[in-house]
*Asks:* 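The structure's right below; bear with me while I get my questions together.
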Amino acid sequence: MRYSSYLELSKSALKNNFEYIRNMLGNTCQLSHVVKGNAYGHGIDTYVPMACEFGANHFSTFDAIEAEEVHDITNGEVTVLIMGMIGNDELDWAIENDIEFFVFDLDRVNAAIVSAKKQGKKARIHVELETGMNRTGFDLENLPALIRLLKKESDSLELKGICTHYAGAESYANLYRVNEQYDRFNKAITDFEQQGVKAQKLHTACSAAAIRLPHTQMDMARIGILQYGFWPSTETYIQTIKPGRNQLSDPLKRVLSWKSQVMNVKKVSQGEYIGYGNSYLAAHDMEVATVPVGYSHGFSRSLSNQGRALVRGVRVPVVGTVNMNMMLVDVSQVANIEIGDEVVLIGKQDELSISVSSFSDFSDQLNYELLTRLPHDIPRYIVK
Ligand SMILES: *Cc1c(COP(=O)(O)O)cnc(C)c1O
């Protein structure tokens, strides 16, 4: 069976990015590799073993299903941390397998204690504090009750971490809010410590915070987007490469390429419409190629008449609307086009490249969103 498109993951790019991130974090800050959203579309099964080859040993997921995937594929040899959804009925499994998880309410803590006692094993928890994001996190007024419980149940609970998450560290417009979160977090940590409760690790930073606000790195940083070679925002990128600062060119390399092939080639006469409706009128005699990738595969419909692809080393525009499973590109300028020719949707071909970010500017999608919408079920190959 042939898939209509596939992804390639570059080992050398990954190695480069890990080196950059480790250098940024220094020796005292643990790197947790965030692999939620199917490793930002890179595919947990392909990405995690490759990351382990380059020394990764701590992974953060959104939910228990992803945690189970990481745990299974690594034979339980790495630390797995669930940052979001775990049901109380999944706690037995998590505790039994040393899976760590965020707790943000007393109900979950109590359920973890019950499960831990039942198994005669400690639950490895990270207390998430509400510092201003207003999403998940213990409200600070509940801390006295939590601290009492942590002390009383220290045989059942191992306080692996205390953490929080910033509400938009990728933009300086949020700096005031992020700074307030940082201050509230530190104040709460003082309260914990005054009560004699100390966590093994304090962690607050995502990619943007770690890179722009190094004081947020603490004992561990939860790094997602950077490891895949993308910037949390253009602002973060510009600030990092600003002349006179660290460097002048992009220190990250994209890990992922997305490729398909020409499925059909057709000549279209001047004056004909192309594809559904009347969104594209051939202004001259043209040659168009069909590519078997559409919005159902994550190639946004908003790239209709906007997107670009690479064929035989030429940058070609998408013409007409992106369909569910197909799109058309104008290959009038491509010599000797043939069915089966490689089509690059993201990545490099000869001297040219298409980055996810150029692409997501077109379609108003952030890097994050475009990546995580890449199909789960297409092949992912590791390349040099
Ligand atoms: C997604 C996420 C991260 C990683 O964010 P990046 O911007 O991709 O580095 C860190 N912490 C939490 C709680 C997250 O949800």
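Just so you know, ligand 1 is whichever comes first in the structure, and atom 1 is the first atom listed for that ligand.
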*Asks:* Please state which protein non-hydrogen atom is closest to atom 11 (N) of ligand 1 and give its distance, to 0.1 Å?
*Replies:* Arg222 NE, 2.9 Å
*Asks:* By the ring pair (Phe, Tyr, Trp, His ring centres under 6.0 Å) test, which pairs, at least two apart or in different chains, include something from residues 76-131?
*Replies:* His126-His203
*Asks:* Using a 4.0 Å heavy-atom cut-off, say whether Ser207 meets ligand 1 through its side chain, its backbone, both or neither.
*Replies:* both
*Asks:* Could you tell me if any non-hydrogen atom of Phe62 lies under 4.0 Å from any atom of ligand 1?
*Replies:*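 In this structure, Phe62 fails to qualify as a contact of ligand 1 - no heavy atom is under 4.0 Å.
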*Asks:* Looking at every non-hydrogen atom in both residues, tell me the closest pair between Ala67 and Ile82 and how far apart they are.
*Replies:* CB-CG1, 3.5 Å
*Asks:* Look at the aromatic rings of Tyr47 and Phe18 and report parallel, tilted or perpendicular, splitting at 30° and 60°.
*Replies:* perpendicular
*Asks:* Regarding atom 12 (C) of ligand 1: of the candidates Glu128, His165, His203, Gln227, which has the closest heavy atom?
*Replies:* His165
*Asks:* Nearest non-hydrogen contact with atom 5 (O) of ligand 1 belongs to which option: Gly37, Cys206, Ala205?
*Replies:*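 It is Cys206 that holds the nearest heavy atom.
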*Asks:* Could you tell me how the ring of Trp231 sits relative to the ring of Tyr20: parallel (under 30°), tilted (30 to 60°) or perpendicular (over 60°)?
*Replies:*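 If you compare the ring of Trp231 with that of Tyr20, the planes turn out perpendicular.
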*Asks:* Name all pairs fulfilling the ring pair (Phe, Tyr, Trp, His ring centres under 6.0 Å) condition that reach into residues 319-350, sequence neighbours left out, sorted by first residue then second.
*Replies:*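 As it turns out, there is no ring pair (Phe, Tyr, Trp, His ring centres under 6.0 Å) pair with a partner in residues 319-350 once direct neighbours are skipped.
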*Asks:* Atoms of ligand 1 less than 4.0 Å from Met83 heavy atoms?
*Replies:*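 Under 4.0 Å from Met83, ligand 1 has these atoms: 11 (N), 12 (C), 13 (C), 14 (C), 15 (O).
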*Asks:* Ile225 to ligand 1: N or O pair under 3.5 Å?
*Replies:*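 There is such a contact, yes.
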*Asks:* Do the side chain of Glu153 and the main chain of Leu157 share a donor and acceptor less than 3.5 angstrom apart?
*Replies:* no
*Asks:* So which heavy atom in the protein is nearest atom 14 (C) of ligand 1, and how far is it from that ligand atom?
*Replies:*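 Its nearest protein heavy-atom neighbour is Lys36 NZ, 2.9 Å.
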*Asks:* Going by atom types only, do His165 and Arg222 share a side-chain donor-acceptor pair under 3.5 Å?
*Replies:*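 Checked: His165/Arg222 side chains pair up, N/O donor to acceptor below 3.5 Å.
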*Asks:* Pick whichever of Tyr368, Tyr40, Tyr166 has a heavy atom sitting closest to atom 7 (O) of ligand 1.
*Replies:*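 Nearest option to atom 7 (O) of ligand 1, by heavy atoms: Tyr368.
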